[in-house]
There are 2 protein chains.
Amino acid sequence: MFSKRCEYGLRALTVIGEAGKEDRKVGIKEICNLAKTPESFTAKILQDLVRRNIIDSLKGPNGGFYFSKNLDDISIYDVVLAIDGEEIFTKCGLGLSECNAKKPCPFHNQFETVRSELFKVCSNNSLNELLEGFYKQVYNR
Amino acid sequence: MFSKRCEYGLRALTVIGEAGKEDRKVGIKEICNLAKTPESFTAKILQDLVRRNIIDSLKGPNGGFYFSKNLDDISIYDVVLAIDGEEIFTKCGLGLSECNAKKPCPFHNQFETVRSELFKVCSNNSLNELLEGFYKQVYNR
DNA sequence: CAAATATAGGACTAAAAAGTCTTTTATGCA
DNA sequence: TGCATAAAAGACTTTTTAGTCCTATATTTG
């Protein structure tokens, strides 16, 4: 459904978000240890999220990744959009380039329910909601 | 959402299905011309679908691909399962290996609605239903 | 049986996604 | 100012997915 980049990115963000609650920046090593994601690869993804203004970062001692925005204001949709783009929320289920909302393929409207359900789940959940419970269940904290 | 293999496969099957209504087998060239899929690649996919008993084939003059089953008895789900496997219908939205129905991540149940909607659309639609209208709209027939 | 036709199979190449490694740049602190 | 630390950047490698091409095999028909 989502790319690895996107999965890793979301998981990394939960770690950054949790640390943010203690007003703490997190380094890439700590992030990847907890989120169980490959380090160099995750670093690339986070670099990207910095460029796209989802998170911020600071170099040097006591540096690391952190949120300057409120976690309630960032939805999972925002993150997926930033990493994977909009395709998953809009593309024809059968991959027909001829198919769109104006000239739908016979399957289009049925798939619309899947797409809109996906959009609903992603846009109704903020990163804050994602990391609640996530920490307990996945990282056992 | 689905792989190219899967998209091409489904499109090819609509051509085979339509020809079947005139009791006609179709060769790979005709299939790919109509379905607008790459020929050699599509041939591989169809070979696979023959092995998996979705379609049948016959070599030699007047040979080609055809259905021996009733198109009403083959769902889109069957085809997706044969080509892409079950992952898309079962896998955790966030790609967590620790997450499953018994020990769900906080997101699992919300994603469940997406997965089950996808399953519903795929299993409630037979290939027969897929190619109805498909032909008119996509192939202008 | 020979020739023509069409799928099957196997060995490729190409492109995209995933992942690594090394060097550079920015920051804090002694 | 200089050293340690941590992210940024860039050039890689690896793996997976997509796609091609050539040869073998099966089938029909003259």
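Worth knowing before you read on, the calculation uses all heavy atoms, side chains too, and leaves out hydrogens, waters and symmetry mates. A quick note: this is a predicted structure, and the numbers were derived from the prediction, not measured.
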Report the nucleotide, chosen from C:dA8, D:dT20, C:dG28, that has the shortest atom-to-atom distance to any side-chain atom of B:F41.
D:dT20
Starting the side chain at C-beta, find the nucleotide from D:dT28, C:dT27, D:dA7 nearest to A:F65.
D:dA7
Hey, which sits more toward the 5' end of DNA chain D by its nearest nucleotide, A:L46 or A:P61?
A:P61
Pairwise 5' ranking along DNA chain D for A:A43 and B:K4, keeping only the more 5' one:
A:A43
Give B:K44 one of three labels, base, sugar-phosphate or nothing, depending on what nucleic acid heavy atoms sit under 4.0 Å from its own.
base
Give one of base, sugar-phosphate or nothing for B:Y66, where a contact means two heavy atoms less than 4.0 Å apart.
nothing
When you measure from the side-chain N and O atoms of [X] to the phosphate of [N], is any distance below 4.0 Å, counting only OP1 and OP2?
{"X": "A:Y8", "N": "C:dG19", "answer": "yes"}
{"X": "B:N62", "N": "C:dA4", "answer": "no"}
{"X": "B:S57", "N": "C:dA6", "answer": "no"}

Backbone N/O of B:N53 and side chain of B:K69: donor-acceptor pair under 3.5 Å:
yes
Whole angstrom is fine here: how far is it from [atom1] in [X] over to [atom2] in [N]?
{"X": "A:I83", "N": "C:dA17", "atom1": "CD1", "atom2": "P", "answer": "14 Å"}
{"X": "A:R51", "N": "D:dG10", "atom1": "CZ", "atom2": "P", "answer": "9 Å"}
{"X": "B:E39", "N": "C:dA8", "atom1": "CD", "atom2": "P", "answer": "13 Å"}
{"X": "B:R52", "N": "C:dA8", "atom1": "CZ", "atom2": "P", "answer": "14 Å"}
{"X": "B:D84", "N": "D:dA18", "atom1": "CG", "atom2": "C1'", "answer": "13 Å"}
{"X": "A:Q47", "N": "C:dC21", "atom1": "CD", "atom2": "C1'", "answer": "13 Å"}
{"X": "A:K59", "N": "D:dA7", "atom1": "NZ", "atom2": "P", "answer": "10 Å"}
{"X": "B:E30", "N": "C:dA6", "atom1": "CD", "atom2": "P", "answer": "11 Å"}

Is [X] atom [atom1] crowded by more than 12 heavy atoms from other residues, nucleotides or ligands, each under 6.0 Å away?
{"X": "A:K120", "atom1": "NZ", "answer": "no"}
{"X": "A:K21", "atom1": "NZ", "answer": "yes"}
{"X": "B:E112", "atom1": "CD", "answer": "yes"}

Quick one: on DNA chain C, does A:P38 or A:G60 contact a more 5' nucleotide (nearest heavy atom)?
A:P38
Using the test side-chain contact (heavy atoms from CB on, under 4.5 Å), find all partners of B:D84 that sit at least two apart in sequence or belong to another chain.
B:F2, B:S3, B:C6, B:V80
